[in-house]
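Below is one structure; the comments refer to it alone.
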Amino acid sequence: MDCYHFQELISDYIEGNLELTTKGEADVHLAECMVCKQAVVDTRKLIHSLHSLKQLKTSDDFEARLMARINEVKSSDTSVFAHFWQHYSRNLSVVAAVLVLLFGTWFTNALINPDIHVQTQPVSTIQQQNNLSGKQNAFPLQGQPLMVSDPVWEDSAKQTSANYQNRIQLVNDNQ
Amino acid sequence: MGRKKTIPFTDEELIASFQQGNERAYLELVRRYKDRLVNFVFRFVGNQEQAEDIIQDTFLKLYTSAHMYREVAKFSTWIYTIAGNLAKTELRKRKRRNIISIHDMGLDDKEYEIPSFSYNPEKDQSSDYNEKEIQLAIQQLPEQFRTVILLRDIQELSYDEISKIVDVPEGTVKSRINRGRQRLQEILKELKI
């Protein structure tokens, strides 16, 4: 062990934190190095001086002054709203942001598609009616909510109507 | 007949009780820590009046922010962190006040930092010369060494606690303490010359 290495470990050596082998190496170095030996003595002296520094005490009126300050804070902050706001302001901000976002989305949709009306009759009722009457399903988008102004539905309705016209023509021809 | 032994509440039990609204628990914590903290902060800032003001702010913060404390850390670690941060803020404020532009004095356009020592030897007649010397030397230590030296050699905290207070690994704390002690000895030697 050289002086540089020992100086790195001097506090651990004094406080007894070194492993046995490292401590052995440090002892060997100390036996032959007067500079490091003196450094150990000086550091021990310094630690002792620091430990024995005069202990200060707070002044006698410390607690009274502290309580006066606390009372000041209390009196300036007693309203229920202030207390509520202090603890829940962050949560309220998040809730408000979510509400604004939801309203904004709904409002934008309403502006873009003003004619959209959702079919009020449940889809299952339409399916039941179709099954009972034994009709071929006239609704290719069965099982999904129907939009009156939906262009896909309109096209398919026109196509279905044309098919019926063709069938009537065929029956008439057969007769 | 044996007398019933009263077991004192731990700091963590007291802060938990204060969080439930028990102000007597708060006062007990103040009594336990006020002198320890004033010693720590005084060695930091070198002025007892200022040290007491900082400790008042620390306890006020404890009062208003007790709900922030979670029992993942020891209470002592938490309160020393608050006091240490307030002391550092005070030192930085003081440093800003003491930076004087030499350019304004017409000598150079470089800024010089005038060291601030508010410790007044005449004010403290009871302490011996070595104590004053040590106090001056501590104040000349760079901040990162000063904090760990104060926590280890004056407050006698464990490496683990210091590591949590200054928020650096334990190995770094050990190395800083080692270098801080060496630097302190150098300063003390310079002061003797």
Side-chain angles (χ1 to χ4, degrees), chain A residues 3-19 22 26 35-36 38-78 82-84 86-90, chain B residues 23 26-27 30-31 33-43 48-49 51-53 55-65 67 124 126-128 130-135 137-138 148-150 152-156 159 173-182 184-189:
Chain A
C3 292
Y4 179 78
H5 192 193
F6 182 80
Q7 293 289 333
E8 291 283 298
L9 301 173
I10 193 164
S11 286
D12 278 334
Y13 179 82
I14 289 169
E15 293 181 12
N17 297 328
L18 291 180
E19 284 176 17
T22 319
V35 177
C36 288
Q38 187 57 46
V40 171
V41 173
D42 290 346
T43 309
R44 281 209 171 107
K45 213 159 82 178
L46 173 76
I47 294 170
H48 180 259
S49 306
L50 289 168
H51 279 176
S52 49
L53 280 176
K54 196 177 75 182
Q55 292 297 302
L56 296 173
K57 286 199 174 295
T58 47
S59 49
D60 294 339
D61 63 343
F62 180 86
E63 280 180 35
R65 281 191 292 133
L66 177 64
M67 292 323 289
R69 286 185 70 187
I70 286 171
N71 287 334
E72 257 175 51
V73 171
K74 271 184 183 172
S75 60
S76 67
D77 193 27
T78 46
H83 182 76
F84 184 81
Q86 188 189 349
H87 287 84
Y88 301 106
S89 56
R90 193 175 287 177
Chain B
E23 296 217 353
Y26 171 77
L27 267 179
V30 170
R31 279 169 198 155
Y33 279 90
K34 61 178 185 175
D35 291 338
R36 271 191 256 182
L37 289 176
V38 92
N39 271 292
F40 171 53
V41 174
F42 168 72
R43 301 293 170 196
Q48 180 156 4
E49 210 174 299
E52 282 203 17
D53 286 345
I55 300 310
Q56 290 252 336
D57 290 345
T58 304
F59 285 126
L60 202 61
K61 206 162 182 135
L62 167 65
Y63 189 90
T64 55
S65 311
H67 61 279
D124 189 5
S126 59
S127 62
D128 58 51
N130 285 336
E131 172 128 0
K132 288 169 199 163
E133 232 177 27
I134 289 172
Q135 178 62 26
I138 288 171
V148 292
I149 289 286
L150 293 180
R152 180 68 186 165
D153 291 333
I154 297 180
Q155 299 292 310
E156 298 181 30
Y159 284 116
V173 170
K174 281 187 179 180
S175 148
R176 282 187 190 174
I177 287 171
N178 200 43
R179 287 166 64 194
R181 282 172 181 163
Q182 287 172 8
L184 202 54
Q185 286 177 66
E186 287 164 16
I187 297 169
L188 283 165
K189 276 176 198 161

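First the proteins, then the strands, lettered A, B, ... as listed; each starts at 1. From a predicted model like this one, the values you see are computed outputs, not experimental measurements.
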statement: Rounded to the nearest 0.5 Å, the CG atom of A:L53 sits from the CG atom of B:D153 at a distance of 9.5 Å
message: Test of understanding: with salt bridge (charged side-chain N to carboxylate O under 4.0 Å, His left out), list the residues that count as partners of B:E23, not counting sequence neighbours.
response: A:K74
- request: Against chain A, label B:L37 side chain, backbone, both or neither, depending on which of its atoms sit under 4.5 Å from a heavy atom there.
  value: neither
task: Verify salt bridge (Lys or Arg N to Asp or Glu O under 4.0 Å) between B:K174 and A:E15, making sure each step is shown before the conclusion.
output: CA-CA 11 Å; B:K174 281 187 179 180; A:E15 293 181 12; over 6 Å; no
Proximal component of B:R43, with respect to chain A [non-hydrogen, under 4.5 Å]: side chain
query: Side chain of B:Q48, backbone of A:L56: donor and acceptor closer than 3.5 Å?
result: no
- prompt: Got B:R181 and A:I47 here, is their nearest side-chain heavy-atom distance under 4.5 Å?
  reply: yes
Engaged part of A:I14 at the chain B interface, taking heavy atoms whose separation is under 4.5 Å: neither
query: Nearest 0.5 Å, what's the CD1-CG distance between B:I154 and A:L50?
result: 5.0 Å
- prompt: Closest approach of A:E8 and B:N178, non-hydrogen atoms and distance?
  reply: O-ND2, 2.9 Å
- prompt: With chain A, which of B:L27, B:V38, B:N39, B:L150 has the greatest number of heavy-atom pairs at distances under 4.5 Å?
  reply: B:N39
- request: State the OG-CD distance between A:S11 and B:Q182, to the nearest 0.5 angstrom.
  value: 7.0 Å
field: Heavy-atom proximity to chain A below 4.5 Å, by part of B:Q155
entry: neither
message: As an exercise: rank B:L60, B:V30, B:I149 by heavy-atom pairs under 4.5 Å with chain A and give me the winner.
response: B:L60
message: Counting C-beta onward and ignoring hydrogens, is there a side-chain heavy-atom pair between A:L66 and B:Y63 closer than 4.5 Å?
response: no
query: Tell me, do A:K45 and B:L188 make a side-chain contact under 4.5 Å, heavy atoms counted?
result: no
query: What is the distance from atom CD of B:E52 to atom NZ of A:K57, rounded to the nearest 0.5 Å?
result: 12.0 Å
query: Given that the side chain runs from C-beta out, which part of A:I10 has a heavy atom under 4.5 Å from chain B: side chain, backbone, both or neither?
result: both
Heavy-atom pairs under 4.5 Å with chain A, option from B:I138, B:L184, B:I177 with the top count: B:L184
query: To the nearest 0.5 Å, how far apart are CZ in A:R65 and CZ in B:F59?
result: 12.5 Å
- request: With a 4.5 Å cut-off on heavy-atom pairs, point out which of B:R31, B:R36, B:R179 contacts chain A the most.
  value: B:R31
- request: Sequence neighbours left out, what passes salt bridge (charged side-chain N to carboxylate O under 4.0 Å, His left out) with A:D60? Give chain and number order.
  value: none
N/O donor-acceptor pair under 3.5 Å between B:Q56 side chain and A:F62 backbone: yes
query: If you count the non-hydrogen atoms of other residues, nucleotides and ligands that lie under 6.0 Å from CD in A:E19, is the total more than 12?
result: no
field: chain A contact via B:I55 - which portion, at a heavy-atom distance below 4.5 Å
entry: both
message: Quick check against the 3.5 Å criterion: does B:Q185 have a side-chain atom that pairs as donor or acceptor with the backbone of A:L46?
response: no
task: Go through A:S49, A:A39, A:S59 and name the one with the most non-hydrogen pairs under 4.5 angstrom from chain B.
output: A:S59
query: Does NE2 in A:H51 sit with more than 12 non-hydrogen atoms of other residues, nucleotides or ligands closer than 6.0 Å?
result: yes
